[in-house]
Each structure stands twice: as structure tokens, then as C-alpha cells.
Amino acid sequence: MSEMPWISPARVSKMLVHDKSVNSSRFGFATFHNNASRSDNKVSTLARAKLQPQKPTTDHDQPAGYWPVTAAAERLVLARGVPGKPDAFEKIFEDYDAHVKPKQDLLAAVLTMHFPHGSTLGDIVSLVANYCWEMLAMKRQLTSLIALHNPADGLSDRLPHAHCIVLGRRHRVSGWAEIEADLHASNAARIFEDEWASYKEVWGHKLQC
């Protein structure tokens, strides 16, 4: 059994600032800020919590240093040109935390996309991963981690949804760079809600998502 303490979804939700200007039944936007008063205020903590919607058991054990995953699926999408293994998200997030600057307010954002019950998990992952590659990795030079939650696994009737943990600083071959302006904009939630709606309109119908 992993020695890492489990972080409940309710607890990690309280660590986020949720933007109420978007239609949360279809799309959610939240930000994760630098708070020196919290010992667990790390983006790796946020990512690990999203990867573990249910408390891990011995069935989810991983080698030392790797996070147990109870999400229905996960996918790391690295910024354009950044080398790395697609399953090495632990090292990416630990490195990001190590390079957070004291004056850096925004650490990350979380985009949440909801889908109908009729959507297949494979189609959801494909659509969201393509969005993250085109609109985050290519367009904005951002690295993100997708955690797909299927509440039916926990006997819930809530809709399946994908969380995209988007690291706030642009990710270059040389390392972590400036804060992405769109993530820090006053209307950031609307920017990404509209962008996702347009992207899904074009591509989602092909997958019936």
C-alpha cells in the first residue's frame, strides 16, 4: 500500500478558486494559487488528488516514487518540443514545484469538461487530449495532465468528466518560463470555456461526445 496519504476530492476542491462565471454543468474553470501558509500547497498535491478520485488500495500499488492512480484514465500532454516520457508525470510536477518563485501567484489552472453518459471513455480521452495538444501544448506552450473520472465506478449517476491540470508557466526545452497570459486574464474562464465549446463543436460530434 502506498505510503503517500490520500487527499479526498472535497479537500482538494477547497484548495482551488472556482470561477462562477462559466456554466459549470458543462465546463469548469478553477485556479490554484501560491499560498506559503499551507505545507501541502504544491501542484503535485493537486495533480495526485485528481488522479485519485477514490482512495487507493493494494490493487493500485506502484513502485516507490510513483503515484497510485484510481482515475479511469490519465494522459500527460507535454508542451511542444519538450522531451520526456508520457508516463513520467511525477517528475514533471515535482520539477515544476521545485521551480516555483515566491512572487509567483498563479501556479496552475484546472479545466473540467463534462460529457453525456453515452460517451465512451476512449472517445473522451481522445477528444480532450487532442484539445490539450492543439490549444495548450502547441498554441500556448503549456504542459497539462488529464485525469478522467467516471463516477459510475463509485456507483454515482454523475456525468463522466475530465480534469485538465494546466501548469501555469510556459514549458520550454530550457525549462519553466513566463506565466501564460490567458490563464491569468480577468476573463480567463470565459476564454477557455468559449475555446472548448468551439473545439468540441467542430470535433466532438465526430466522436459523439
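The side-chain tip of K200 does not point at the ring of F27 from less than 6.0 angstrom away and within 45° of straight on.
A distance-only check finds no donor-acceptor pair linking the side chain of D19 to the backbone of A189 [under 3.5 Å]. Side chain of Q52 to main chain of A71: no donor-acceptor pair is present (N/O by atom type, distance under 3.5 Å, no hydrogens or angles). The main-chain N or O of M135 is found under 3.5 Å from a side-chain atom of R140 such that the two form a donor-acceptor pair. Looking at H99, its side chain does come within 3.5 Å of a backbone N or O of D95 through a donor-acceptor pair. Within the 3.5 Å criterion, the main-chain N or O of S126 finds a donor-acceptor partner in the side chain of N130. Side chain of H149 to main chain of K50: a donor-acceptor pair is present (N/O by atom type, distance under 3.5 Å, no hydrogens or angles). In this structure, the side chain of D97 engages the main chain of S44 through a donor-acceptor pair within 3.5 Å. Without hydrogens or angle criteria, R169 side chain to I179 main chain gives no donor-acceptor distance under 3.5 Å. Here the side chain of S119 pairs no donor or acceptor atom with the backbone of F115 at under 3.5 angstrom. In this structure, the side chain of Q141 engages the main chain of H171 through a donor-acceptor pair within 3.5 Å.
The heavy-atom pair separating A147 from L51 by the smallest distance is CB-CD2, 4.0 Å. Across all non-hydrogen atoms, the minimal contact from G28 to V22 is CA-CG2, 4.3 Å. For the pair A108 and L106, the tightest heavy-atom approach, listed with the atom from each and the gap, is O-CD1, 3.4 Å. Of all heavy-atom pairs spanning A137 and L78, the tightest one is CB-O, 3.4 Å. The heavy-atom pair separating N35 from N41 by the smallest distance is N-ND2, 2.9 Å. Considering all non-hydrogen atoms of both residues, A129 and V77 come closest at O-CG2, 4.4 Å.
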Task: Residue pair S144, R75: steps toward the side chain to side chain contact (heavy atoms under 4.5 Å, CB included) verdict - done: CA-CA 9 Å; S144 58; R75 185 80 59 84; over 6 Å; no
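Using a 3.5 Å distance cut-off with no hydrogens or angles, the side chains of T112 and H163 do pair a donor with an acceptor. For the residue pair T31/H33, the side-chain donor-acceptor check at 3.5 Å is satisfied. Counted by atom type alone, S24 and H114 present zero donor-acceptor pairs between their side chains at under 3.5 Å.
Residues V202 and I191 share a single hydrophobic cluster, defined by chaining ILVMFWY side chains whose heavy atoms lie under 4.5 Å apart. Connection of V125 to L159 is not established within any shared hydrophobic cluster, with ILVMFWY side chains joined at heavy-atom distances below 4.5 Å, either directly or through further cluster members. Residues M15 and V17 do not share a hydrophobic cluster, clusters being chains of Ile/Leu/Val/Met/Phe/Trp/Tyr side chains in contact below 4.5 Å.
For the atom pair CG (L183) and CG (L107), the distance works out to 11.5 Å, reported to the nearest 0.5 Å. Going from atom CZ of F32 over to atom CG of L167 covers 11.0 Å, rounded to the nearest 0.5 Å. To the nearest 0.5 Å, atoms CH2 (W6) and OG1 (T70) are separated by 8.0 Å. With rounding to the nearest 0.5 angstrom, the CZ atom of F93 is 12.5 Å from the CZ atom of R48. Note that the CZ atom of F192 and the CZ atom of F29 stand 6.0 Å from one another [nearest 0.5 Å]. Distance CG/L142 to CZ/R80: 11.0 Å, rounded to 0.5 Å.
In this structure, R172 pairs ionically with E178, as a charged nitrogen and a carboxylate oxygen lie closer than 4.0 Å. Under 4.0 Å is where a charged nitrogen must lie from a carboxylate oxygen, and between E195 and K139 at least one such pair does. R190 has a carboxylate O that lies under 4.0 Å from a charged side-chain N of E193, or vice versa, which qualifies the two as a salt bridge.
The number of heavy-atom neighbours closer than 6.0 Å to CZ of R26, taken from other residues, nucleotides and ligands shown, is 12 or below.
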